[in-house]
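The next block holds one structure in the form of C-alpha cells; read it before the comments.
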2 protein chains.
Amino acid sequence: MTVKTAQHPDTADLTLTSVLAALADPIRMHLVQTLADGREKAWSELSAPVAKSTLSHHLKVLRSAGVTRTRQEGTRCFVRLRSDDLDERFPGVLPSVLAAATHVAGPRQG
Amino acid sequence: MTVKTAQHPDTADLTLTSVLAALADPIRMHLVQTLADGREKAWSELSAPVAKSTLSHHLKVLRSAGVTRTRQEGTRCFVRLRSDDLDERFPGVLPSVLAAATHVAGPRQG
DNA sequence: CTCCTTGTTCGACGTTCGTAGTACGTCGAA
DNA sequence: TTCGACGTACTACGAACGTCGAACAAGGAG
C-alpha cells in the first residue's frame, strides 16, 4: 500500500518478454489461472504455498509486467487480469496460454 | 556435438512453464523468430550478438524445452522449430506468441 | 597422418530470481 | 488515542541464469 502501490504500466509499454517471463513461473501461473475467469479476486483469495511477502512479490511481478491490475479498497486490494489490454497488445497470447495451462492442470478427472 | 547433442524431450513431457521460460528471453525469442518460417536453419545462420558458447547455451535451452529440434550432419547441425509438437501440446501458444513478437519487432515502418 | 572447422562442455564471473523475515504505513474499530 | 489487520518495502541469502573464454570432441580436407 504505502500510497504508491499501484504501478501499472501503460498498455503500449508492455513487452512480450516481460509477460512471458511473468507467466513462466508455476506460482504466478497458478495465480493467473485463479484470475482467469475475469472476476476480481481479493488478496486473501489468491492462495499460494508461499509466505505473504513472497506472494506480494509475485503479484508485483505480474503487475509490473502488465498482466494484472490491482485496485485498493481501504486496507485490502483486489486483483484482476488485464485481459483486454493484453489481448490488444498481444492478441491471442493470454487466451492460448490460459487454455494450455488449463487443459494441462485443469481436467484431471478423465 | 560430442555425439549426444540431441536431447529432445518427448512431446508429452513438454511443460508450459519451460516453454514460456525458454521464450522469455530476447536472444532466444529472436532465434525462434528466425526459425518461424518453419524451415531448417544452419547453426551459422542463427546470428545473435553473443559468443559461440552462449549461442550454444541458448540453443540448448530451446532444445531442452522442446521448442526446437537439432539435427546433425557431419560436424554441423541444423535447427528447426517443433511447431507441430508444440501446437499439439499447447495449441495456439506458439503461433500467437510468434505473431505478437512479429508485430512488435517486425513492422516498424508504420 | 596432421590441420582446421564446428559445436559442446567446463569453469568462472556477475546479475537476476525466488524465498522468507522483519519493519513500515494505512485503514477500521474500539 | 490505541490496537489489530492488511499489504508493501526492505534486507538478506542461496539458487539459477546469462555471459564469456578456453578446452575439448567429432568430422572433413589436405
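Since the structure is predicted, the reported quantities are computational estimates derived from the model, not experimental observations.
- Contacts between residues 18-28 of chain A and DNA chain C, defined by a heavy-atom separation under 4.0 Å, are made by A:D25, A:R28.
- Under the side-chain hydrogen bond (donor to acceptor under 3.5 Å, both in side chains) criterion, A:D10 pairs with no residue, sequence neighbours left out.
- Atom CG in B:L31 sits roughly 14 Å away from atom P in C:dG7 (whole-Å rounding).
- With the 3.5 Å cutoff on both pairing distances, Watson-Crick and G-U pairs in DNA chain C assemble into runs of at least 3 at C:1-30 with D:1-30.
- Annotation: of the two residues near DNA chain D, B:H57 and B:K52, the 5′-most nearest-nucleotide partner is B:H57.
- B:R80 pairs by the side-chain hydrogen bond (donor to acceptor under 3.5 Å, both in side chains) definition with nothing, not counting sequence neighbours.
- Protein atom CG of B:L59 is 13 Å distant from nucleotide atom P of D:dT19, rounded to whole Å.
- A distance-only check finds no donor-acceptor pair linking the side chain of A:T54 to the backbone of A:V50 [under 3.5 Å].
- When the salt bridge (Lys or Arg N to Asp or Glu O under 4.0 Å) test is applied to A:E40, the partners found at least two apart in sequence or on another chain are A:R71.
- B:P9 meets the side chain to side chain contact (heavy atoms under 4.5 Å, CB included) test with B:L14, B:R82; sequence neighbours excluded.
- Here A:S56 reaches the OP1 or OP2 of D:dT8: one of its side-chain N or O atoms lies under 4.0 Å away.
- When the nucleotides C:dT26, C:dG21, C:dT6 are ranked by their closest atom to the side chain of B:R76, C:dT6 comes out on top.
- We find the CH2-OG1 distance between B:W43 and B:T70 to be 10.5 Å, quoted to the nearest 0.5 Å.
- Between the C1' atom of C:dT9 and the CD atom of B:Q7 lies a distance of 13 Å, rounded to the nearest Å.
- A:H30 places its NE2 atom 17 Å from the P atom of C:dG18, with the value rounded to the nearest Å.
- Remark: P of C:dG7 and CD of B:E73 are 11 Å apart, rounded to the nearest angstrom.
- Under the rule for a side-chain hydrogen bond (donor to acceptor under 3.5 Å, both in side chains), the partners of A:T15 that lie at least two apart in sequence or sit in another chain are A:S18.
- Not counting sequence neighbours, B:E45 has no partner by the salt bridge (Lys or Arg N to Asp or Glu O under 4.0 Å) test.
- Side chain of A:S53, nearest nucleotide from C:dG7, D:dA22, C:dT22: C:dT22.
- Contact annotation: B:T54 side-chain N/O to D:dC20 OP1/OP2 distance is under 4.0 Å.
- Atom-to-atom, CG of B:L55 to C1' of D:dC20 comes out at 13 Å; the value is rounded to the nearest Å.
- B:H58 comes within contact range of the sugar-phosphate backbone alone, with a heavy-atom separation under 4.0 Å but no base atom that close.
- The CG atom of A:L62 sits 14 Å away from the C1' atom of C:dC17 (whole-angstrom rounding).
- Scanning residues 34-51 of chain A for heavy-atom distances under 4.0 Å to DNA chain D yields A:W43.
- Qualifying side-chain hydrogen bond (donor to acceptor under 3.5 Å, both in side chains) partners for B:H58, counting only residues two or more places apart in sequence or in other chains: B:R28.
- The distance between atom CE of B:M29 and atom P of D:dG18, rounded to the nearest whole Å, is 13 Å.
- If you take OG1 on A:T11 and CG on A:D87, they are separated by 11.5 Å, rounding to the nearest 0.5 Å.
- Residues that satisfy the salt bridge (Lys or Arg N to Asp or Glu O under 4.0 Å) test with A:D25, not counting sequence neighbours, are absent from this structure.
- Residues meeting the salt bridge (Lys or Arg N to Asp or Glu O under 4.0 Å) test with B:K41, sequence neighbours left out: B:D37.
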